[in-house]
Q: 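Before anything else, here's the structure in question.
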Amino acid sequence: MGNLARGSVVELISGPQVWMESEATRQLEQVAAWTGCERAVGLPDLHPGRGSPVGAAFQFRAVVHPSLIGSDAGCGAHLTVVRKASAHGANLVRRADQHYGEALAIGDRRRLFEVAWEEGPRGLLELPGLPEGLMALAALAPMDRGLKSGPPPLALTGGDSLGTIGGGNHFAELSQVGQVSPHPLTQQLGLERGHSAVLVHSGSRGLGAALHHEWGNKACEGPSIEVYLAVLAGAVRWARTNRLLLTYRGLLALGAARADRIVSDLDVVHNGVEAEGELYLHRKGAAPAEAGAPTLLLGSRGAPSYLLAGCGRTRSLCSSAHGAGRKMTRAEARAKLKDKYLRKSLARTRLGSEVLVDDPELLYEEHPDAYKPIAPIVESLVQSGVAEVVAELLPKVTVKR
DNA sequence: ATGTTC
């Protein structure tokens, strides 16, 4: 793709084995021409979004674009690995159904919202009467060093969806660690084949949508950058806390909500902005891939997910793919896959895992066939030196509700 | 993606 007239460098990091839509690369070049854009990197899961592509990282100078964040600020993935759980099969499905079905009762909801917004996951430790397993999880969360956000925008959000998964491709999954590689992270994170895990993909729900509405489509320059980034930091903390609460439910389902069962824990934001001086790194459906740091590549129900190690490549803006990437729009998936598959056959995936959904349309919209195959994505990331494979995560029960 | 909407 090379250099555009404005001087921004556009690069697609992918391989010939990866299916790529021309609309996706067109959108990549389009955003590369936005004010302040110096570099645009498309990752192998690149696919068209609303105006801007998903699966890309952008470097801007002195400009931040809230519209690139869109309506799910802080969206990301969380992985907690625990010692092998005793529940399997139908029992595990029943337990997942139970624990993701009932509301979390954690005292004062308003206080919970404030803590999530101002302090993030670790802030939960300030709440009185926190359940033991949740306290153990919160204690593992890193200290928040982000910008302070001021009062939480309660007026914007109305009800409180904290602790809920949401729609689309968001999910909570009870998995098993599959093949592990000899990478140093395997030992550092205590990964062993056969260990259990909770993998959560979710974001900032109605809060993110409200922020999107408020900040609209205007680019931030000058002092408004700091104001927006402070608000974004609050949304990211809220989203991280949301994933932690969802993880806790998964631990309850696994019967592993205790400090001595947890092996390791990490959270990866794939929709956000990182500031370094006057450079702003936008990740739009792109996972951080700093040298030696763990990152998550999300599968699509019928496919495994992967724990990867970043390689810190500046060519990829220290970013990796966040998932398989859509191949069909939701409408296309409904139209094409309804003829191909009976609804009943979709409760169990080709990997033998179970899917729990409230909205049966999601079985088609988020069917693995609606996504690119994940193996070529992993291959191309490794071949281009963006990330290395650490462990495979095999889904047992996927919850979407 | 969204207490979303055709």
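Nothing here was measured: the structure is a model prediction, and the numbers come from that model. Every chain is numbered from 1, with letters handed out A, B, ... down the list of sequences.
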Q: Nearest-Å distance, CZ (A:Arg334) to P (B:dC6)?
A: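 Whole-Å distance recorded here is 13 Å.
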Q: What does A:Gly168 touch in the nucleic acid at a heavy-atom separation under 4.0 angstrom: a base, only the sugar-phosphate, or nothing?
A: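 Contact class for A:Gly168: sugar-phosphate only.
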Q: Just how far, in rounded Å, is C1' of B:dT2 from NE2 of A:His201?
A: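 Interatomic distance, NE2 of A:His201 to C1' of B:dT2: 14 Å.
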Q: In whole angstrom, give the distance that lies between atom NE2 of A:His212 and atom P of B:dT2.
A: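 Roughly 13 Å, once rounded to whole Å.
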Q: Calculate the interatomic distance between A:Arg330 atom CZ and B:dC6 atom P; express it in whole Å.
A: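 It is 16 Å, rounded to the nearest whole Å.
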Q: Less than 3.5 Å apart, which donor and acceptor atoms pair up between the side chains of residues 220-229 of chain A and the rest of the protein, not counting sequence neighbours?
A:
| from | atom 1 | to | atom 2 | distance (Å) |
| --- | --- | --- | --- | --- |
| A:Ser224 | OG | A:Glu221 | N | 3.4 |
| A:Ser224 | OG | A:Glu221 | O | 3.1 |

Q: Need one value for A:Gly167: base, sugar-phosphate or nothing, where a base atom within 4.0 Å counts as base even if backbone is also close, heavy atoms only.
A: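 Sugar-phosphate contact only - A:Gly167 comes under 4.0 Å of backbone atoms but never of a base.
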Q: Counting any heavy atom closer than 4.0 Å, what does A:Gly208 reach on the DNA or RNA strands: base, sugar-phosphate only, or nothing?
A: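 Since no nucleic acid heavy atom lies under 4.0 Å of A:Gly208, the category is nothing.
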Q: If you look at every strand shown and take non-hydrogen atoms under 4.0 Å, does A:Arg50 touch a base, only sugar-phosphate, or nothing?
A: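 Base contact.
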Q: Scan side-chain atoms only and decide if A:Ser384 and A:Arg313 contain a donor-acceptor pair under the 3.5 Å cut-off.
A: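 Judged by distance alone, the side chains do not pair up.
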Q: Show me the pairs that pass salt bridge (Lys or Arg N to Asp or Glu O under 4.0 Å) and involve residues 81-108 of chain A, at least two apart or across chains.
A: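 The answer is A:Asp97-A:Arg401.
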Q: Return yes if a side-chain donor-acceptor contact under 3.5 Å exists between A:Gln179 and A:Glu392, otherwise no.
A: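 Absent: no donor and acceptor within the cut-off.
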Q: Base, sugar-phosphate, or nothing for A:His170, non-hydrogen atoms under 4.0 angstrom?
A: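 Result for A:His170 = sugar-phosphate.
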